[in-house]
There are 2 protein chains.
Amino acid sequence: MMRKESSVNLENEKTLEAECPFIFALSLMGKRWKPAILWKMTEGICRFGEMKRAIPQISEKMLAQHLRELETDGLITRTVYPEMPPRVEYALTELGLSLQPILKQLNDWGENTKKIKNIA
Amino acid sequence: MMRKESSVNLENEKTLEAECPFIFALSLMGKRWKPAILWKMTEGICRFGEMKRAIPQISEKMLAQHLRELETDGLITRTVYPEMPPRVEYALTELGLSLQPILKQLNDWGENTKKIKNIA
DNA sequence: CCGTATCCTAAATGATACTG
DNA sequence: CAGTATCATTTAGGATACGG
């Protein structure tokens, strides 16, 4: 079984992904649930079940898949404690943490936009 | 033919989408190519073919679909000039423009991360 | 508790052809 | 130019069962 979980593909160097910083950023954190996972994790160290509850729309399968990719791409760390029952903790790396201000602003933008649109 | 292009679904008020500003923000601009489209549009008024060339990975179909949703959700405007050959111009609304600083920071983050990862 | 494996369905996307 | 329509395909996602 091979291990190729990163969502980044830079094999054809001339693609926009390789050239454009914006597309590159999206390739690291732009997939469906990744921003939400990262946003949740800015609160601090998280466990699997905790994130599942925090983002109820995501399936376990997708959560696991996204966590692997984020780990491979160096945005989060995964620490397994060999206990019974097992405990696994996810935390942002320095790189992941550097996204926090951007995620915060996006959250603020959402809040303002809800007001403008008179939702909630 | 009905017209229901918005990607926002707030019918069940208790969903995270309705409650959480972050998920709400994602529902407006978090889909696959939307950030890239919006980022391109921060340069100014855009035409369809121009965006297609700027984001070569996106298909015409998806570009059109995403543009419809962004229009319905009030992030962009679409102006048709009844000429021959036809001309259609897309521009950010005030709301769409308010995303510019966030998109800019994401672009900067991508640039820095590329350096850190020694890509390009 | 924290997953993986499998099977299956729904949605996203791509290719192609065509229109005002 | 700026799309739409249709079909084929790929990928995402859900349900369930099982394992360390």
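Here is how names work: the chains are called A, B, and so on, in the same order as the sequence lines, proteins then strands, and each is numbered from 1. Computed from heavy atoms alone, side chains included, the values below leave out hydrogens, waters and symmetry copies. Being a predicted model, the structure only gives us computed values, none of them experimental.
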Name the closest nucleotide to the [X] side chain, picking from [options].
{"X": "B:Glu60", "options": "C:dT4, D:dT4, D:dG13", "answer": "D:dT4"}
{"X": "A:Pro85", "options": "D:dG3, C:dC1, D:dT6", "answer": "C:dC1"}
{"X": "B:Pro86", "options": "C:dT4, C:dC2, C:dG20", "answer": "C:dG20"}

Value in whole Å for how far the [atom2] atom of [N] lies from [atom1] of [X]:
{"X": "B:Ile76", "N": "D:dA2", "atom1": "CD1", "atom2": "P", "value": "14 Å"}
{"X": "A:Met51", "N": "C:dC2", "atom1": "CE", "atom2": "P", "value": "9 Å"}
{"X": "A:Ile58", "N": "C:dG3", "atom1": "CD1", "atom2": "P", "value": "13 Å"}
{"X": "A:Met84", "N": "D:dG20", "atom1": "CE", "atom2": "P", "value": "10 Å"}
{"X": "A:Ile45", "N": "C:dC2", "atom1": "CD1", "atom2": "P", "value": "14 Å"}
{"X": "B:Lys61", "N": "C:dA15", "atom1": "NZ", "atom2": "P", "value": "12 Å"}
{"X": "B:Met62", "N": "D:dT10", "atom1": "CE", "atom2": "P", "value": "16 Å"}
{"X": "B:Glu69", "N": "D:dG3", "atom1": "CD", "atom2": "C1'", "value": "17 Å"}

Using 0.5 Å steps for rounding, measure from the [atom1] atom of [X] to the [atom2] atom of [Y].
{"X": "A:Phe48", "Y": "A:Leu67", "atom1": "CZ", "atom2": "CG", "result": "6.5 Å"}
{"X": "B:Leu38", "Y": "B:Tyr90", "atom1": "CG", "atom2": "OH", "result": "13.0 Å"}
{"X": "A:Asp73", "Y": "A:Lys31", "atom1": "CG", "atom2": "NZ", "result": "9.5 Å"}
{"X": "B:Arg53", "Y": "B:Cys46", "atom1": "CZ", "atom2": "SG", "result": "10.5 Å"}

For [N], does OP1 or OP2 lie under 4.0 Å from any side-chain N or O of [X]?
{"X": "B:Tyr90", "N": "D:dC1", "answer": "no"}
{"X": "B:Arg47", "N": "D:dC1", "answer": "no"}
{"X": "B:Arg78", "N": "D:dA2", "answer": "no"}
{"X": "B:Arg32", "N": "C:dT13", "answer": "yes"}

Next item on the list: For B:Met29 and B:Lys34, work out which heavy atoms get closest and say how close.
Entry: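 The pair with the smallest heavy-atom distance is O-CB, 3.6 Å.
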Which part of the nucleic acid, if any, lies within reach of [X] when heavy atoms closer than 4.0 Å are counted: base, sugar-phosphate only, or nothing?
{"X": "B:Glu83", "result": "nothing"}
{"X": "B:Lys52", "result": "nothing"}
{"X": "A:Tyr81", "result": "nothing"}

